[in-house]
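Presented below is the structure to which this report refers.
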Amino acid sequence: MRNKMLFKPGLDLAVSEGFCSLSCTCGRGIMAARFCGLLVLLTLCLSGLDAQRPAVNQELSDIFNELWRLDENRLTPVTDYNISVQGRASFVNQGSHVVRDYALQPLFSNVNENKLANTTTYSRFMKLLNNYERSTGVAEQVTAEEQTEIDLFLTAVLETKVMKRAHQYLVSKAKSNSDLRRFKSQLNLIWFNLYHRQKNAGLDSCGFEHVFVGETKSGTEIIGFHNWIQFYLQEKSTHLDYKGYKARSLDLPDQDDHVLNLQFSWHGLVKPVGSAFIGTSPEFEMAIFTIVFLMNTERSTTVLVNIDQCRMELVVIRHGRSLGTAYPKLLSSNSRHVTPQHSG
């Protein structure tokens with residue numbers, strides 16, 4: 001960084017790399033010294049903020065971009081679906097039922113339902129969406145038919161190029177067994193194993209339900225719900241109302257973005273800030289979150305990655321040996337996170 005020189009009548013003040021040298025030629029030396037001290041403090045604080053920001057995980061970015069390219073079942077914007085992001089949503093407190101609507105139209109104006117119905121992982125995924133109790137605290141009862149649906153879905157996922165490559169990567173890291181049946185059991189444990197989300201209740205939740213289906217807590221708030229297919233289906237059935245996008249003023253989303261931060265209401269409750277991939281296949285989302293889950297042992301993990309043209313954080317929280325929650329948090333899109341290269 002070049003040295004910056006600040007000149008003022010009666011004061012020779014040099015600021016370089018956060019350090020100041022002061023030569024006072026008038027009676028304002030004390031004031032100038034205080035000003036210099038504030039500059040140093042501000043520089044150190046800003047440096048500390050930069051140091052706290054996690055670095056991009058290049059290894060995970062590489063494998064996730066490889067999975068992105070392998071995702072043959074991903075839907076294409078405009079061709080397979082259309083979204084309208086409309087207005088920026090306002091701040092809403094968690095638990096509030098009152099929210100201003102900045103999106104008069106639905107988020108999804110069109111989705112190629114034939115492609116969803118005729119793609120095995122999508123069709124089997126959608127059969128799972130009505131198998132769960134919406135409210136936490138109500139024990140889940142998995143029938144034999146529902147267990148068969150889970151098994152068929154996992155079988156279909158394991159046959160995709162995306163999950164085959166994810167499996168290969170995890171085996172290379174000694175995080176999964178090379179035997180496909182054991183890997184399938186591992187996925188079942190991570191995503192479909194039932195556990196207690198609400199204390200003093202039965203087995204009322206699992207990772208799949210929380211992330212892909214969504215839940216309500218104490219009748220006051222929406223938890224989980226990070227999947228675009230469920231969002232579209234619930235919006236189509238009028239159970240869900242999109243309220244607008246959430247983003248910084250200089251980073252406006254558009255219809256081509258594959259990750260959105262958004263606000264919506266569902267069965268009369270409000271999600272102040274939600275997030276979801278858009279157009280991606282179930283196997284892609286399961287693959288990347290499974291990798292983050294298995295590559296870390298902390299209860300809560302956040303990794304910074306670049307996928308396609310988006311910089312995002314992937315957040316994964318464990319619930320014992322199973323998944324508690326997982327979601328993307330968009331930071332910037334359309335390569336705006338890339339520092340411009342100036343010639344000369």
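It should be emphasised that the depicted structure is a prediction, and the values quoted were computed from it without experimental measurement. All residue numbers in this chain count up from 1 along the given sequence.
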- Note on the structure: Between the CG atom in L304 and the CG atom in N306, the distance rounded to the nearest 0.5 Å is 6.5 Å
- Where is the tightest heavy-atom contact between F293 and R321, given as atom of each residue plus distance? CZ-O, 3.5 Å
- Task: Show the numbers, then the answer: is there a side chain to side chain contact (heavy atoms under 4.5 Å, CB included) between R124 and E149?
- Result: CA-CA 7 Å; R124 294 184 180 179; E149 290 175 348; over 6 Å; no
- Short question: side chain of D308, backbone of C310 - any donor-acceptor pair under 3.5 Å? no
- Query: What do you reckon, is NZ of K127 surrounded by more than 12 foreign heavy atoms closer than 6.0 Å?
  - Reply: no
- Task: Please answer whether the main-chain N or O of V157 pairs with a side-chain N or O of T160 as donor and acceptor at a distance below 3.5 Å.
- Result: yes
- Item | V315 with V303, same ILVMFWY side-chain cluster at under 4.5 Å | no
- Answer yes if the ring centres of W68 and F284 are under 6.0 angstrom apart, and no otherwise. yes
- Message: Ignoring hydrogens, what is the shortest heavy-atom contact between Y195 and C206? Give both atom names and the distance.
- Response: OH-C, 3.6 Å
- Message: Using every non-hydrogen atom in the two residues, find where N65 and S61 come nearest and quote the distance to one decimal.
- Response: ND2-O, 2.7 Å
- Message: Is the shortest side-chain heavy-atom distance between V111 and I229 below 4.5 Å?
- Response: no
- Between atom CG of D62 and atom CG of N57, what is the distance when rounded to the nearest 0.5 Å? 9.0 Å
- Message: For the residue pair Q234 / H239, report whether a side-chain donor-acceptor contact shorter than 3.5 Å exists.
- Response: no
- For the pair M295 and K175, evaluate side chain to side chain contact (heavy atoms under 4.5 Å, CB included) and give the outcome as yes or no after the intermediate values. CA-CA 7 Å; M295 291 297 293; K175 299 298 182 181; 3.8 Å; yes
- Message: Return the CG to OG1 distance between L314 and T302, rounded to the nearest 0.5 Å.
- Response: 9.0 Å
- Interatomic distance, CD@E285 vs CG@N227, rounded to 0.5 Å, equals 5.0 Å
- Item | Residue pair L180 / H167, side-chain heavy-atom distance below 4.5 Å | yes
- Query: Does one hydrophobic cluster hold both L129 and Y81, with members joined at side-chain heavy-atom distances below 4.5 Å?
  - Reply: yes
- Query: Is the closest side-chain donor-acceptor distance between T290 and W191 under 3.5 Å?
  - Reply: yes
- Note on the structure: Of K243, Q263, E221, H226, the one forming a side-chain contact (heavy atoms from CB on, under 4.5 Å) with K271 is H226
- Shortest non-hydrogen contact from V162 to A287? CG1-CB, 3.8 Å
- Could you tell me whether the side chains of S281 and N73 share a donor-acceptor contact shorter than 3.5 Å? no
- Taking the side chain from H97 and the backbone from V270, do they hold a donor-acceptor pair closer than 3.5 Å? no
- Any chance NZ of K115 has more than 12 other-residue heavy atoms, nucleotides or ligands included, within less than 6.0 Å? yes
- If you look at every heavy atom in A117 and S123, which pair is closest and at what distance? O-CB, 3.5 Å
- Message: Please confirm whether the ring centroid of H258 lies under 6.0 Å from the ring centroid of F277.
- Response: no
- Message: Within this structure, what is the CG-CG distance for the pair L67 and L60, rounded to the nearest 0.5 Å?
- Response: 10.0 Å
- Query: Rounded to the nearest 0.5 Å, what separation is found between the OG1 atom of T325 and the CZ atom of R318?
  - Reply: 13.5 Å
- Message: We want to know whether Y169 and E59 form a side-chain donor-acceptor pair, criterion being a heavy-atom distance below 3.5 angstrom.
- Response: yes
- Message: Quick check on the hydrophobic clustering: are I150 and M126 connected, directly or via other members, by side-chain heavy-atom contacts under 4.5 Å?
- Response: yes
- So, do Q141 and N131 sit near enough that their side-chain heavy atoms are less than 4.5 Å apart? no
- Could you tell me whether a side-chain N or O of S109 sits under 3.5 Å from a main-chain N or O of P106, the two making a donor and an acceptor? no
- Query: How about L294 and I190: do any of their side-chain heavy atoms sit closer than 4.5 Å?
  - Reply: yes
- Which word best sums up how the rings of F125 and F153 line up, parallel for under 30°, tilted for 30 to 60°, or perpendicular for over 60°? tilted
- Item | hydrophobic_cluster_shared for L128 and L189, side chain cutoff 4.5 Å | no
- Message: Evaluate F208 against F192 for ring-ring contact (aromatic ring centres under 6.0 Å, His included), listing each step before the verdict.
- Response: CA-CA 6 Å; F208 181 91; F192 293 99; 4.9 Å; yes
- Message: I want to check something: taking the side chain as every heavy atom from C-beta on, are L323 and H210 in contact at a cut-off of under 4.5 Å?
- Response: no
- Hey, are Q186 and S176 close enough side-chain-wise for a donor-acceptor pair under 3.5 Å? yes
- Using atom types as modelled and distance alone, determine if a side-chain donor or acceptor of N296 lies under 3.5 Å from a backbone N or O of T301. no
- Task: Would you check if the side chain of N177 reaches a backbone N or O of D179 as a donor-acceptor pair within less than 3.5 Å?
- Result: yes
- List the steps and the verdict of salt bridge (Lys or Arg N to Asp or Glu O under 4.0 Å) for K184 and D151. CA-CA 9 Å; K184 184 177 181 180; D151 185 72; 2.8 Å; yes
- Task: Under the side chain to side chain contact (heavy atoms under 4.5 Å, CB included) rule, what do V213 and F225 come out as? Steps first, then yes or no, please.
- Result: CA-CA 5 Å; V213 184; F225 203 132; over 6 Å; no
- Message: Donor-acceptor check, side chain of E313 to backbone of P328, threshold 3.5 angstrom: yes or no?
- Response: no
- Query: Are side-chain heavy atoms of L158 and K164 found at a separation under 4.5 Å?
  - Reply: no
- Message: Would you say the ring centers of Y327 and F289 fall short of 6.0 Å from each other?
- Response: no
- Note on the structure: Minimal heavy-atom distance between E209 and D204, with the atoms involved, is OE1-O, 3.5 Å
- Message: So I222 and F264, do their side chains get closer than 4.5 Å, heavy atoms only?
- Response: yes
- Message: Between F231 and L262, does the side chain to side chain contact (heavy atoms under 4.5 Å, CB included) criterion hold? Intermediate values first, please.
- Response: CA-CA 11 Å; F231 193 103; L262 37 77; 4.0 Å; yes
- Message: Can you confirm whether more than 12 heavy atoms, excluding those of E298, are under 6.0 Å from its CD atom?
- Response: yes
- Would a distance-only check, ignoring hydrogens and angles, find a side-chain to backbone donor-acceptor pair under 3.5 Å from T136 to R197? no
- Message: Are the side chains of I307 and M312 in contact, using a 4.5 Å heavy-atom criterion?
- Response: yes
- Is the F108 to Y232 ring centre distance short of 6.0 Å? yes
- Task: Ignoring hydrogens and angles, state whether a donor on the side chain of S205 or E215 is under 3.5 Å from an acceptor on the partner side chain.
- Result: yes
- Item | Polar side-chain atom of T121 near backbone of P282 as donor-acceptor pair, under 3.5 Å | no
- Short question: side chain of R88, backbone of A247 - any donor-acceptor pair under 3.5 Å? yes
- Query: Do V99 and V273 sit in the same hydrophobic cluster, where Ile, Leu, Val, Met, Phe, Trp and Tyr count as joined when their side-chain heavy atoms come under 4.5 Å apart?
  - Reply: no
